[in-house]
Student: 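Here it is: the structure, laid out below.
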Amino acid sequence: MENLILLKKEDFENLELQLSEIKALIKQKNQEQVNNTWLTKQEAKSRLKCCMKTLEKYINKGLIPYSRYAAKIYIRSADIEAFLNQNYIK
């Protein structure tokens, strides 16, 4: 047997609005987490869909900022996005 709940149209619309706001907040929070993620060179290469030599060229020319720790290079996901946006051609 199904349980049915009846809502006034106004209450239903308010509920829809609140769910939309929650969805937007979750999306924003997820985007912030993605932008704060550190990627290895391999992951950055995959994100850019380029070869390792091209990524190293971008790094050496200073086009993509990076951090070095324990002889490994890490690149922020936000920096990859900024690089792509900066080179976006309309």
Side-chain angles (χ1 to χ4, degrees):
M1 178 173 239
E2 292 184 34
N3 294 327
L4 299 176
I5 299 174
L6 298 176
L7 291 175
K8 294 179 188 173
K9 183 177 181 181
E10 180 182 307
D11 292 339
F12 180 74
E13 289 170 351
N14 286 336
L15 183 60
E16 275 186 317
L17 180 63
Q18 289 175 349
L19 288 174
S20 294
E21 291 172 357
I22 291 170
K23 184 179 175 182
L25 288 172
I26 290 171
K27 186 176 180 180
Q28 178 184 4
K29 189 68 171 170
N30 286 341
Q31 187 62 38
E32 288 172 4
Q33 288 176 341
V34 166
N35 286 340
N36 289 328
T37 302
W38 287 93
L39 306 173
T40 63
K41 281 176 44 176
Q42 185 67 32
E43 292 167 328
K45 174 185 82 88
S46 296
R47 183 81 53 95
L48 287 170
K49 295 179 176 56
C50 68
C51 67
M52 190 60 76
K53 189 122 178 127
T54 301
L55 176 61
E56 289 171 353
K57 185 169 71 171
Y58 293 157
I59 290 170
N60 292 336
K61 285 185 172 185
L63 299 174
I64 297 178
Y66 67 95
S67 179
R68 185 185 308 261
Y69 176 73
K72 288 189 95 176
I73 289 179
Y74 296 94
I75 302 165
R76 281 188 337 155
S77 180
D79 292 332
I80 297 289
E81 292 298 317
F83 176 74
L84 291 171
N85 288 332
Q86 172 184 328
N87 292 290
Y88 178 71
I89 299 171
K90 293 182 181 182

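All heavy atoms count here, side chains included; hydrogens, waters and symmetry mates do not. Each residue takes its place number in the sequence, starting with 1.
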Student: So which pairs with a foot in residues 18-31 pass salt bridge (Lys or Arg N to Asp or Glu O under 4.0 Å), sequence neighbours left out?
Tutor: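 Salt bridge (Lys or Arg N to Asp or Glu O under 4.0 Å) check on residues 18-31 returns no pairs.
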Student: Might you point out which heavy atoms bring Met52 and Gln42 nearest each other, and give the distance in Å?
Tutor: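 Between these two residues, the closest heavy atoms are CE-OE1, 3.6 Å.
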Student: Lys41: what forms a side chain to side chain donor-acceptor pair (under 3.5 Å) with it, not counting sequence neighbours?
Tutor: Glu56
Student: If you round to the nearest 0.5 Å, how far is OH of Tyr58 from CG of Asn87?
Tutor: 7.5 Å
Student: Side-chain contact test, heavy atoms from C-beta onward, threshold under 4.5 Å: evaluate it for Thr54 versus Leu48 and give yes or no.
Tutor: no
Student: Quick one: do Thr40 and Tyr74 satisfy side-chain contact (heavy atoms from CB on, under 4.5 Å)? Show the steps, please.
Tutor: CA-CA 5 Å; Thr40 63; Tyr74 296 94; 4.1 Å; yes
Student: Just how far is it from atom NZ of Lys53 to atom CG of Asn60, taken to the nearest 0.5 Å?
Tutor: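 So the NZ of Lys53 and the CG of Asn60 are separated by 9.5 Å.
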Student: Quick one: name the residues clustered hydrophobically with Leu4, using the 4.5 Å side-chain heavy-atom rule over I, L, V, M, F, W, Y, and just say none if it's on its own.
Tutor: none
Student: Please list, chain by chain and in numerical order, all residues satisfying side-chain contact (heavy atoms from CB on, under 4.5 Å) with Asn30, sequence neighbours excluded.
Tutor: Ile26, Gln33
Student: Would you mind listing every ring pair (Phe, Tyr, Trp, His ring centres under 6.0 Å) that reaches into residues 15-48, with sequence neighbours excluded?
Tutor: none
Student: Residues two or more places apart in sequence or in another chain: which of them pass side-chain contact (heavy atoms from CB on, under 4.5 Å) with Gln28?
Tutor: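 Gln28 satisfies side-chain contact (heavy atoms from CB on, under 4.5 Å) with Leu25, Glu32 only.
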Student: Quick one: CG on Leu63 to CG on Asp79, what's the gap to the nearest 0.5 Å?
Tutor: 12.0 Å
Student: For Ala78, which residues count as a side-chain contact (heavy atoms from CB on, under 4.5 Å) partner, sequence neighbours excluded?
Tutor: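 Once residues adjacent in sequence are excluded, the partners of Ala78 under the side-chain contact (heavy atoms from CB on, under 4.5 Å) criterion are Asn35, Arg76.
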Student: So, taking the atom named CD1 in Ile22 and the one named CG in Leu17, what distance separates them when rounded to the nearest 0.5 Å?
Tutor: 10.0 Å
Student: For Arg47 and Ser77, work out which heavy atoms get closest and say how close.
Tutor: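 So the two residues come closest at NH1-OG, 2.7 Å.
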Student: Distance from Ile64 atom CD1 to Gln86 atom CD, nearest 0.5 Å?
Tutor: 9.5 Å
Student: Please collect all side-chain hydrogen bond (donor to acceptor under 3.5 Å, both in side chains) contacts where either partner lies in residues 61-73, sequence neighbours excluded, each pair once.
Tutor: none
Student: Could I get the full list of side-chain contact (heavy atoms from CB on, under 4.5 Å) partners for Phe12, not counting sequence neighbours?
Tutor: Leu7, Glu16
